[in-house]
Amino acid sequence: MSSSNIDDAFKERVYTLIGSIPAGQVAAYGQLAKLAGFANQSRAVGRLLKNLPEQSSLPWHRVINSQGKISFPEESEKHFQQRRLLESEGVFFKNNKVSMKKYQWLENS
DNA sequence: ATGTTGACCTTAG
DNA sequence: CCTAAGGCCAACA
């Protein structure tokens, strides 16, 4: 059988979670890892996103770090791209950080 | 086989 | 704002 292991389960769950992030809201790598049942695997989430196919329809831009900041380097093209996507759906930055309230959709249920 | 790094981490101080 | 340390692990040299 194909390696239907932990990695695939993790990937599956994280993808689903990311897909469920409402427009105008964000989630942290660590939050997603934890919700997927793999606490302390935030970097694995990052790795997953890094390997995400370019044509993916997942709202990858809604994933930022726990400090409210975009994890790409400040002056990078990817950083601008992500920021642009977020701002286009109403997520704005003050001092390069988004309000913690943007994570609040997770606080229900 | 060993050590280091990470453009997509986190918390505490 | 910054540093340090914790944690986990794939990719790299």
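Letters A, B, ... mirror the listed sequences (proteins, then strands); counts begin at 1. Being a predicted model, the structure only gives us computed values, none of them experimental.
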Taking only the side-chain heavy atoms of [X] (C-beta and beyond), determine which of [options] contains the nearest atom.
X: A/S42; options: C/dC8, B/dA7, B/dT10; value: B/dT10
X: A/K50; options: B/dA7, C/dC9, C/dG7; value: B/dA7
X: A/S66; options: C/dA10, C/dC8, B/dT11; value: B/dT11
X: A/S76; options: C/dC8, B/dT10, B/dA7; value: B/dA7
X: A/F72; options: C/dC8, B/dA7, C/dC9; value: B/dA7
X: A/A28; options: B/dT10, B/dC9, B/dT11; value: B/dT10
X: A/N65; options: C/dG7, B/dT10, B/dT11; value: B/dT10

Quiz item: Hey, does A/A33 reach any base, or is it just sugar-phosphate, or nothing, if we go heavy atoms under 4.0 Å?
Solution: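 Touches nothing.
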
Separation of [N] [atom2] from [X] [atom1] (nearest whole Å):
X: A/K97; N: B/dC9; atom1: NZ; atom2: C1'; result: 15 Å
X: A/K69; N: C/dC2; atom1: NZ; atom2: C1'; result: 10 Å
X: A/Q67; N: B/dT11; atom1: CD; atom2: P; result: 7 Å
X: A/F10; N: C/dC8; atom1: CZ; atom2: P; result: 13 Å
X: A/F38; N: B/dT10; atom1: CZ; atom2: C1'; result: 19 Å
X: A/L49; N: C/dA10; atom1: CG; atom2: P; result: 16 Å
X: A/M100; N: B/dT11; atom1: CE; atom2: P; result: 9 Å
X: A/L35; N: B/dT10; atom1: CG; atom2: C1'; result: 15 Å

Quiz prompt | Most 5' of A/Q41 and A/N51 on DNA chain C, judged by nearest nucleotide | solution =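 This one resolves to A/Q41.
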
Self-check item: Closest-nucleotide 5' rank along DNA chain B - winner of A/I64 and A/R47
Solution: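 The residue closer to the strand's 5' end, by nearest nucleotide, is A/R47.
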
Quiz item: Which whole number of Å gives the distance between the P atom of B/dT2 and that of C/dG7?
Solution: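 It comes out at 23 Å once rounded to the nearest Å.
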
Quiz prompt | Gap in Å between the two P atoms, one belonging to B/dA7 and one to C/dG6, rounded | solution =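 Result for the P pair: 23 Å, nearest Å.
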
Quiz item: Are any side-chain N or O atoms of A/W60 and backbone N or O atoms of A/K50, one a donor and one an acceptor, separated by less than 3.5 Å?
Solution: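 Looks like no, no N/O pair under 3.5 Å.
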
Quiz prompt | A/Q82 side chain vs A/V63 backbone, donor-acceptor pair below 3.5 Å | solution =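 Indeed, once roles are kept as given, a pair shorter than 3.5 Å links the two residues.
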
Quiz prompt | Within 6.0 angstrom of A/E12 CD, more than 12 heavy atoms from elsewhere | solution =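 No, not enclosed.
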
Exercise. Supply the atom-to-atom distance A/Q81 CD to A/L86 CG, rounded to the nearest 0.5 angstrom.
Key: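 So the gap between those two atoms works out to 10.5 Å.
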
Quiz item: Would a hydrophobic clustering, with Ile, Leu, Val, Met, Phe, Trp and Tyr connected at side-chain separations under 4.5 Å, put A/L85 with A/F80?
Solution: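 Shared cluster, no.
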
Self-check item: A/R13 vs A/F38 side-chain heavy atoms within contact, under 4.5 Å
Solution: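 Side-chain contact under 4.5 Å: yes.
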
Self-check item: C/dG7: pairing nucleotide in any strand, Watson-Crick or G-U under 3.5 angstrom
Solution: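 Pair assignment: C/dG7 / none.
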
